[in-house]
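Report on the following structure.
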There are 2 protein chains.
Amino acid sequence: MSLSERRARLLSLIVSEFVDSAVPVGSDALVRKHGVRLSSATVRNEMAKLEEEGYISHPHTSAGRVPSDKGYRCYVEALMEDRDLPWDAKQTIRHQFHQAGREEDEWIQLSAAVLARAVENAAVVTAPRTRESRLKRIELIGIQDTEALVVIVLQQARLKQQILIFPEPIEQERLTAITNHLNEAFAGFSAGEIGRSQVQLTQLEWHVANAVRDIMEASDRGGYDEAHLDGVRNVLTKPEFASPDKVLNLLDVVEQRNLTKLIPFRELAAEGVTVMIGAEHEEDAMRDYSVVISRYGTPGGIGGAMAVLGPTRMHYPETISTVRFVAGLLSEMLASHYGEGSVPGEPGDGPPADGDTRGKKRK
Amino acid sequence: MSLSERRARLLSLIVSEFVDSAVPVGSDALVRKHGVRLSSATVRNEMAKLEEEGYISHPHTSAGRVPSDKGYRCYVEALMEDRDLPWDAKQTIRHQFHQAGREEDEWIQLSAAVLARAVENAAVVTAPRTRESRLKRIELIGIQDTEALVVIVLQQARLKQQILIFPEPIEQERLTAITNHLNEAFAGFSAGEIGRSQVQLTQLEWHVANAVRDIMEASDRGGYDEAHLDGVRNVLTKPEFASPDKVLNLLDVVEQRNLTKLIPFRELAAEGVTVMIGAEHEEDAMRDYSVVISRYGTPGGIGGAMAVLGPTRMHYPETISTVRFVAGLLSEMLASHYGEGSVPGEPGDGPPADGDTRGKKRK
DNA sequence: GTTAGCACTCTCCATACCCGAGTGCTAATA
DNA sequence: TATTAGCACTCGGGTATGGAGAGTGCTAAC
């Protein structure tokens with residue numbers, strides 16, 4: 001990153017002007033609108049250099065300059081000032097969160113909605129999960145002769161269900177007996193511990209225990225599948241989506257199936273906000289989009305991911321602060337609800353617990 | 001409906017030609033492409049009459065004719081031949097259904113996907129529900145001092161959960177006691193019956209019972225909220241969506257929140273397929289769309305709704321047959337799974353149980 | 001190193017234009 | 001009376017044309 005002071009300042013101006021106006025920015029738009037104390041000719045020279053180095057590009061001769069992915073990256077990394085969200089913006093968000101009910105699923109949905117509205121882009125929030133789920137309780141409810149519904153309560157009040165088929169007819173009393181025995185034997189266990197356990201069990205009990213273990217393992221492995229999406233409309237109304245084929249492209253990205261694949265939820269830093277810009281994504285389909293993503297949740301415990309999706313032409317500073325803030329809020333809500341993270345103060349009243357993650361960005 | 005034989009035939013041709021080509025159809029396109037044994041001049045005269053009566057309309061002078069909502073309605077009601085789906089189409093659909101697992105939710109999702117693909121439009125399938133849910137079992141699982149997760153199992157293996165707050169700290173043993181008592185008192189009850197019940201209960205037990213009743217009532221009232229949507233892409237690629245504002249309109253319609261409001265799931269006939277065309281919808285937003293909708297499920301018992309959403313220019317006969325067929329398949333799967341409807345034969349192997357609903361359409 | 005000046009390039013927009021499809025009318029025909 | 005041939009008319013869509021404007025790159029002067 002060998003940018004002279006002046007060139008850096010120009011790049012910064014180009015980015016913020018282009019983000020605001022969505023129009024390629026020309027040399028004397030810069031000197032006029034922003035107080036650049038240089039002539040347009042000088043600016044042009046500098047722009048030519050910036051283009052040579054790959055920070056900006058030309059849609060065609062005689063159009064202004066547009067930041068390239070590299071330009072945005074440099075801006076995010078070094079140029080922009082990573083200031084905190086203004087108080088009233090925070091207040092607005094907090095206010096919206098006060099409508100939250102007690103259902104965890106509702107929180108996720110609400111977070112996505114609030115985030116999408118605040119940054120005027122699309123937002124995705126995955127359901128929270130623990131790194132390794134632990135069994136709290138099993139229930140078996142008979143449905144038919146040879147079928148029962150097994151309900152698994154995991155720690156943190158997560159619920160799983162599946163229908164189980166038995167090789168022989170079985171009545172509710174026996175189901176209850178099995179349940180009691182298994183609850184006694186496995187309470188607090190993880191999937192692995194159930195598998196390794198040496199407890200004496202009948203064949204039927206093993207049948208159930210194996211199913212439980214499978215379900216818990218699946219829950220540990222997957223987890224990012226459930227995700228709430230909001231604000232696609234925001235993205236579609238942006239000027240870059242004037243042509244219908246772009247719209248189709250976005251829709252493919254957004255289609256539930258792909259979403260969790262395209263957004264790199266997995267390779268997500270333990271804390272801090274990560275930004276991925278345009279072609280930095282592995283997927284071709286994401287070439288025109290940027291993603292601002294953060295983990296939320298209690299440290300090392302239950303948590304999920306939260307992301308903003310929009311065109312590369314995005315208000316990065318505001319978006320990053322907003323994601324950080326909303327992730328902080330949701331984390332506090334989770335922590336105070338599950339009562340394990342021991343976050344001081346009331347949720348949403350103090351500053352979010354993000355002071356230390358400030359400015360951590362990826363790549 | 002005072003249409004001469006000939007005029008009806010012409011209208012029918014106009015509709016099917018326009019549905020295929022998406023281009024306004026002119027008088028001699030009809031005589032040339034379809035074996036109309038009349039001169040284009042005569043056809044023009046007839047068209048003028050049809051237009052007077054409101055069955056077709058003119059985008060502008062010197063364009064061909066386009067069916068109006070009334071024209072489509074007449075076509076659906078009287079003109080089209082409501083033939084059954086060809087064997088191989090059925091076979092393709094059955095084949096896709098064989099991938100279905102045991103999860104009810106999966107079925108819904110799969111149905112939407114299969115339906116959307118088959119009719120090349122968007123499809124919505126709501127989760128099934130019973131008319132009046134009945135309690136099968138309650139479980140209480142302590143989470144914190146004063147909080148517990150109440151898990152309610154309803155008949156047909158439907159699960160509801162909510163976090164419940166108690167006015168005082170309470171341990172698992174007391175929770176279990178409450179559970180046992182309530183299960184004994186209320187097993188098999190509907191929400192109303194719980195409310196009217198005269199059983200002697202402690203204050204805490206009432207606390208729980210009320211919560212359970214509320215949840216069950218909410219489940220009975222709502223129910224169509226959960227819906228799977230698939231195939232929006234199909235709709236967007238249709239030529240009527242060339243302009244971006246149309247796309248936005250569709251997206252608003254499709255946004256999860258609105259969907260269940262805009263599609264008249266509630267006023268749905270007990271059986272048979274219902275068609276709503278364009279401005280027949282109450283909502284303005286739906287003015288350009290048609291919906292082909294059907295109930296599925298066991299007669300009078302558990303069931304949901306299944307709908308196809310597309311532009312008014314839609315292949316009505318095929319869509320109607322397909323909806324009917326897929327609804328029939330899903331109904332069979334539900335019936336054989338819950339074993340109450342006693343449908344003979346294996347699911348998907350016999351003809352679907354739709355012979356009697358043929359041709360029932362609305363308005 | 002910076003700046004003024006200028007020719008050049010390219011997009012965007014409006015105008016004009018024609019072509020063809022399709023209509024509606026009238027008069028001739030069976 | 002119903003049908004048809006003929007014809008003038010209308011309108012949308014595609015294609016050339018021609019600035020206007022914005023912005024560049026280069027050169028020469030400061």
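Below, chain A is the first sequence line, B the second, and so on; all start at residue 1.
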inquiry  = Rounded to whole Å, how long is the line connecting atom CG of L30(A) with atom P of dT3(C)?
reply    = 14 Å

ask   = Can you name the side-chain hydrogen bond (donor to acceptor under 3.5 Å, both in side chains) partners of R32(A), sequence neighbours left out?
value = D28(A)

inquiry  = So, using side-chain contact (heavy atoms from CB on, under 4.5 Å) as the criterion, who are the partners of R313(B) when residues are at least two apart?
reply    = F18(B), V19(B), A22(B), Y72(B), K238(B), P239(B), E240(B)

remark   = With sequence neighbours left out, the residues meeting side-chain contact (heavy atoms from CB on, under 4.5 Å) with S21(A) are E17(A), V23(A)

task = Return no unless some side-chain N or O of S39(B) is found under 4.0 Å from OP1 or OP2 of dT3(D).
result = no

key: For G231(A) against A116(A), the heavy-atom pair lying closest together   = CA-CB, 3.9 Å

query = Can you give one letter per nucleotide of nucleotides 24-30 of chain D, going 5' to 3': B for a protein heavy atom under 4.0 Å from the base, S for sugar-phosphate only, - for none?
reply = BB-----

Contacts of type salt bridge (charged side-chain N to carboxylate O under 4.0 Å, His left out), residue D88(A), not counting sequence neighbours = none

Residue list, side-chain contact (heavy atoms from CB on, under 4.5 Å) with T61(A), at least two apart or on another chain = none

So which protein nitrogen or oxygen atoms get under 3.5 Å of nucleotides 16-18 of chain C's nitrogens or oxygens?
none

task = Rounded to the nearest angstrom, tell me the gap between atom NE2 in H60(B) and atom P in dG12(D).
result = 5 Å

request  = Mind calculating the distance between CD (E46(B)) and P (dT3(D)) to the nearest angstrom?
outcome  = 7 Å

inquiry  = Run the side-chain hydrogen bond (donor to acceptor under 3.5 Å, both in side chains) test against T42(A) and tell me which residues pass, sequence neighbours left out.
reply    = S39(A)

ask   = Are OP1 or OP2 of dT2(C) and a side-chain N or O of R6(A) less than 4.0 angstrom apart?
value = yes

request  = Could you identify which residues of residues 9-24 of chain B place a heavy atom less than 4.0 Å from some atom of DNA chain D, listed by residue number, or say none?
outcome  = none

ask   = In chain order, what residues pass the side-chain hydrogen bond (donor to acceptor under 3.5 Å, both in side chains) check against D288(B), with sequence neighbours excluded?
value = K246(B)

query = Got a sec, which residues hit side-chain hydrogen bond (donor to acceptor under 3.5 Å, both in side chains) with N45(A), two or more places apart in sequence or on another chain?
reply = none

Greater than 12 external heavy atoms within 6.0 Å of E120(B)'s CD = no

key: side-chain contact (heavy atoms from CB on, under 4.5 Å) partners of T237(B), counting only residues at least two apart   = L248(A), R233(B)

